Q: 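Mind having a look at this structure? Questions to follow.
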Amino acid sequence: MPVPLASAANLTPAMQKALVALGDKISAEAMFTGPVVRSGDRCLENTRVHARKMIMDWIISNDLERILWLTGPAGSGKTAIARSIADTCYDLGHLGPTFFFSGPDLKSSNNINCLVATLAYQLTQHASLEPVRHHILGLTKPAVFTKSLDRQVEDLILRPLRQIPLDHPIRASWPKVLIIDGLDDCTPPTSGHIGADLSRDTEHRQILATLLMAARDPAFPFRILIASRPEPAIARFFGTSARDMTVKLVLDQSLNPNADIRLYIQATAEEICRRLPDLRNWPSEEATQMLLDRGSGQFVYIAKTMTFIKKNPQALHPIHALNRVLGVGRPQDSGVNPFEPLDKLYTSILQSSSEPQLTMQWIYAIASDPLNGLPASFLRRFLQSHEQAGLSMERHVLDALHSLVHIPSHGDEEVRYTTYHADLKEFLNDPARSGSLYIDPSARKAFLLERYMFILKNKGPKDQLTDAERDAFLTNFVGFMDYFESCISELSPEKLYFEPADYLACDMAWWGQILSTKLNEGASAATLNAMVDNAHRGCPPVSCVPACRHISGAA
């Protein structure tokens, strides 16, 4: 049974005043609500069984790793699992303080200003922690809230806990786990507050360092469950500073999410069918499989889709609503966007980049027909090949997108970029969905052709490469030279993507040798012939003669 709340009967007037002052600093919306409200993001019964069991086994174990990092792409179900674990732990009496940064009601309270006060306040409300409460309230002074995060934890949590001897019997009745969900949603404080000058990465590291400090303290009784997207700063922290203290649980395909998602679709469909008796055997297996394919193993796509379908079945029948989602049959109510919640998620993540438009160009390039499926090492070198591009551009551009795109670490030459959401490509290519982030196809093509021409003129990418790396790069590069030369040749002279002098600056004889080495004779000749044609189109008649002589000699 859950442990009852602490009584306020034995508080002195000074303590009551301190409790009110502490309560003024908390975010009530970020705390677990207990059995009063169990709606919202929760795991459906018999889903996520393996992940939930792993977490519960860890909570009650004596393992030295006192932090569990639950991570996965955007929409993979982290919050639903965290809230379901909170439910179970509440029922068992294991639940300690919680802070849910994720949620629609936390726009004004999802920063570090509220964090420590909210955690400390919850300690004062737990009956078994009543001896600690007096020490917390005795240290609750106005000045404590102006201190750094680690000093707040020291004063309001660790010092009070140290007042109870480690061998005191009451410690056996204390809760076992502290839960922090949606750490990546934590935003810097507004101007005038402590930490207002911090970046998101710095703030995340500060929170994690403070939690790690607490976890290492012998007086701190709680294991710490932290759920977040795999943001680079967070991942680096768990892989370095907290490595010896951390268990990592990744919500990826190894946990077979589609089996759970199928159960979710079936349960939601049964609920809809009970409300509409005319529906039988719906949805079909074909439609279910299409939803699973679109979802790519991420719960968010399916959850938002099924919410849209069951939202107003009288206004838009579920059969038509599902067809609208899948884009099959006769379009129904074309003014309704079933993907609006997903689009907001994608947009918020993409706009968190320091250069959203450049980030969009990279994602378009990664998903484009000529480049899709090529190794990330090649794409990184190709896309960084520009006069204004720095050699660390990949990190600058994509660091905010680890929850949408798998970004391989440097060193493995064959691993590819992978988007976690199949629906992301639909979002990118639909201006009605991507809005101000949308980039016209001609601008995308110009972005790629600028890099193509840079490589032609420089006999390779901007990066400094070994001979083996350069050979591997050129092997991939010559494979789509035909595509880019075709793009150029399809355009009228008034709309060429290159200046007349561009081809004159290229060593066409050298490229002819490379093509002859890398491709069969037919493909090599076709590419070189296209170069000849494009040189004629782009250059004045007199100046193009030397270039054409070089090209013809190479061919």
Side-chain angles (χ1 to χ4, degrees), residues 58 64-76 78-79 82 99 101-102 110-112 115 148-150 153 178-189 195 197-216 223-252 254 348-355 358-359 362-363 366 376-377 379-380 384 390-413 415-420:
W58 167 79
L64 295 178
E65 296 90 350
R66 303 192 65 207
I67 298 174
L68 190 148
W69 181 33
L70 176 65
T71 188
S76 55
K78 300 178 293 297
T79 292
F99 199 101
F101 285 106
S102 58
N110 60 348
N111 60 58
I112 61 175
L115 177 60
S148 62
L149 197 67
D150 59 336
V153 167
L178 180 155
I179 298 177
I180 305 289
D181 175 64
L183 175 61
D184 49 280
D185 285 329
C186 178
T187 58
D197 57 342
L198 299 179
S199 68
R200 289 179 76 249
D201 284 356
T202 302
E203 187 171 75
H204 294 162
R205 285 193 296 268
Q206 186 181 98
I207 292 172
L208 289 169
T210 302
L211 292 172
L212 179 62
M213 176 190 75
R216 291 192 187 280
R223 291 177 173 272
I224 304 176
L225 170 61
I226 301 173
S228 80
R229 297 170 187 164
E231 301 298 328
I234 298 174
R236 284 192 290 271
F237 182 88
F238 284 119
T240 54
S241 303
R243 185 173 183 177
D244 63 319
M245 294 283 285
T246 303
V247 176
K248 180 180 177 181
L249 177 56
V250 182
L251 299 179
D252 57 17
S254 68
S348 67
I349 294 172
L350 290 164
Q351 287 182 337
S352 70
S353 168
S354 57
E355 294 191 57
L358 183 58
T359 295
W362 272 62
I363 295 181
I366 289 168
S377 58
L379 285 174
R380 179 173 62 251
Q384 289 177 167
L391 297 183
S392 61
M393 179 174 283
E394 178 199 46
R395 179 173 177 181
H396 172 70
V397 170
L398 298 183
D399 248 9
L401 304 185
H402 282 252
S403 58
L404 294 179
V405 181
H406 171 63
I407 302 170
S409 58
H410 291 201
D412 192 328
E413 295 294 305
V415 180
R416 303 171 180 177
Y417 292 115
T418 307
T419 55
Y420 293 120

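One-based numbering along the sequence shown. Keep in mind it's a predicted model, so treat the numbers as computed, not measured.
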Q: Using a 4.5 Å cut-off on heavy atoms from C-beta on, say whether the side chain of I407 contacts that of Y417.
A: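 Sidechains of I407 and Y417: in contact.
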
Q: Does the K78 side chain pair with the main chain of G72, one donor and one acceptor, at a distance under 3.5 Å?
A: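 Side chain of K78 to backbone of G72: a pair is present.
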
Q: How close do L404 and A74 get, heavy atom to heavy atom, and via which atoms?
A: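 Closest heavy-atom pair between L404 and A74: CD2-CB, 4.4 Å.
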
Q: Please report the closest heavy-atom contact between S403 and Y420, naming both atoms and the distance.
A: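 In terms of heavy atoms, the two residues are closest at O-CD1, 3.6 Å.
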
Q: Report the residues that fulfil side chain to side chain donor-acceptor pair (under 3.5 Å) with R205, sequence neighbours left out, ordered by chain and then residue number.
A: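 Scan of R205 (side chain to side chain donor-acceptor pair (under 3.5 Å), adjacent residues dropped) gives T202.
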
Q: List the atom of I180, the atom of L115, and the distance in Å for their closest heavy-atom pair.
A: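 Here I180 and L115 meet closest at CD1-CD1, 4.1 Å.
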
Q: Just how far is it from atom CG of D399 to atom OG of S354, taken to the nearest 0.5 Å?
A: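 Output value for this atom pair is 9.0 Å.
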
Q: Counting C-beta onward and ignoring hydrogens, is there a side-chain heavy-atom pair between L350 and L401 closer than 4.5 Å?
A: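 When only atoms from C-beta onward are counted, L401 and L350 do touch, with a gap below 4.5 Å.
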
Q: Looking at side-chain heavy atoms only, is the closest gap between D244 and R216 below 4.5 Å?
A: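 Yes. Closest side-chain heavy atoms under 4.5 Å.
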
Q: CD/Q206 to CD1/I112 distance, rounded to the nearest 0.5 angstrom?
A: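 Interatomic distance, Q206 CD to I112 CD1, rounded to 0.5 Å: 4.5 Å.
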
Q: So, taking the atom named CD1 in I224 and the one named CE in M245, what distance separates them when rounded to the nearest 0.5 Å?
A: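 One finds 7.5 Å between CD1 of I224 and CE of M245.
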
Q: Ignoring hydrogens and angles, tell me if any N or O in the side chain of S352 forms a donor-acceptor pair with the backbone of I349 under 3.5 Å.
A: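 Yes: the side chain of S352 pairs with the backbone of I349.
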
Q: What are the two closest non-hydrogen atoms of H406 and P408, and how far apart are they?
A: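 Heavy-atom minimum between the residues: O-CD, 3.5 Å.
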
Q: Tell me the closest heavy-atom pair linking A214 and V153, and the distance in Å.
A: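 Result for this residue pair: CB-CG1, 4.4 Å.
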
Q: For the residue pair S254 and D252, confirm or rule out a side-chain donor-acceptor distance under 3.5 Å.
A: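 Checked: S254/D252 side chains pair up, N/O donor to acceptor below 3.5 Å.
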
Q: Specify the closest pair of heavy atoms between L183 and H204, including all atoms of both residues, with the distance to one decimal.
A: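 Looks like O-NE2, 3.3 Å.
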
Q: How long is the gap from CZ on R66 to CG on L212, to the nearest 0.5 Å?
A: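 If I round to the nearest 0.5 Å, the distance is 10.5 Å.
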
Q: How long is the gap from CZ on R243 to CD1 on I67, to the nearest 0.5 Å?
A: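 Rounded to the nearest 0.5 Å, the CZ-CD1 separation comes out at 14.5 Å.
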
Q: Let me have the donor-acceptor pairs involving side chains of residues 225-240, under 3.5 Å, with sequence neighbours excluded, atom names and distances please.
A:
unit_1: S228; atom_1: OG; unit_2: W69; atom_2: NE1; d: 2.9
unit_1: R229; atom_1: NE; unit_2: D184; atom_2: OD2; d: 3.4
unit_1: T240; atom_1: OG1; unit_2: R236; atom_2: O; d: 2.5

Q: Measuring from atom CG of L398 to atom CD1 of I363, what distance do you get when rounded to the nearest 0.5 angstrom?
A: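 Rounded to the nearest 0.5 Å, the CG-CD1 separation comes to 7.0 Å.
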
